[in-house]
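Okay, so here's the structure we're looking at.
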Amino acid sequence: MSNSDNRISAAPIDLDDCGMAKAAEMLGDKWRLLILREAFYGVKRFDDLKNDANIPRATLANRLKAMVKDGLLEGMEYRDGTARARTEYGLTARGRATAKILLAMMYWADEYLDEGKTPLDMISGETGAILDLAFVGPDGQVVAAENILPRIHSNSRRDK
């Protein structure tokens with residue numbers, strides 16, 4: 001039996017209704033992902049972001065403005081001594097929620113691009129245990145990726 005017998009010619013839902021497509025639209029830019037990475041590690045100031053992530057100044061300014069508008073970051077004014085007021089950027093609740101996405105990308109890269117090597121572990125702040133990413137059912141059981149299936153809501157189906 002050939003694979004052409006099971007050919008799928010289109011995703012089961014339209015791009016406008018797809019959470020994955022919406023997330024890609026908002027987060028799919030390399031610079032946005034790197035800014036979020038920096039923010040997760042606690043880097044908040046413009047020059048520090050620019051230097052650590054090697055982001056061109058104009059690109060960083062544009063992305064920060066857009067990410068504040070999108071509700072991923074919030075700007076907070078600060079002053080060093082008598083210097084003029086500046087803005088540092090912290091994650092909002094929406095920005096912090098992208099941790100699942102960023103960590104999934106990191107774990108994937110560690111396994112498939114770096115042959116299982118990782119420069120750091122994510123640990124529980126409560127127990128110190130090393131964390132792994134997993135799909136977990138309501139009963140607490142881990143579900144293997146190959147056993148995950150989409151269930152399309154009837155109001156999201158494509159017209160046939």
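Bear in mind the structure is a predicted one, so any value in this text is a computation, not a measurement. Values reported hereafter were calculated over all heavy atoms of this structure, with side chains retained and with hydrogens, waters and symmetry mates removed.
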Assess whether a salt bridge exists between [X] and [Y], defined as any Lys/Arg side-chain N lying under 4.0 Å from an Asp/Glu carboxylate O.
{"X": "Asp17", "Y": "Lys22", "value": "no"}
{"X": "Asp52", "Y": "Arg45", "value": "no"}
{"X": "Asp70", "Y": "Arg63", "value": "no"}

Test item: [X] and [Y] side chains (from C-beta on) under 4.5 Å apart, heavy atoms:
{"X": "Asp110", "Y": "Pro119", "result": "yes"}
{"X": "Arg37", "Y": "Met106", "result": "no"}
{"X": "Leu49", "Y": "Leu34", "result": "no"}
{"X": "Met67", "Y": "Arg32", "result": "yes"}

Item to complete: Enter the distance from Glu77:CD to Arg84:CZ here, rounded to the nearest 0.5 Å.
Response: 10.5 Å
Worksheet entry | Identified side-chain contact (heavy atoms from CB on, under 4.5 Å) partner of Tyr89 from the options Leu91, Thr92, Thr87 | Thr87
Discussion item. So for atom OH, which belongs to Tyr78, do other residues, nucleotides or ligands contribute more than 12 heavy atoms lying within a distance under 6.0 Å?
Written reply: yes
Worksheet item: Does CD belonging to Glu126 count more than 12 external heavy atoms closer than 6.0 Å?
Response: no
Fill in: Atom of Val142, atom of Ala134 and distance for their closest heavy-atom approach
CG1-CB, 3.9 Å
Practice prompt. Indicate yes or no for a side-chain donor-acceptor contact from Asp139 to the backbone of Gln141 under 3.5 Å, with no hydrogens or angles considered.
Written response: yes
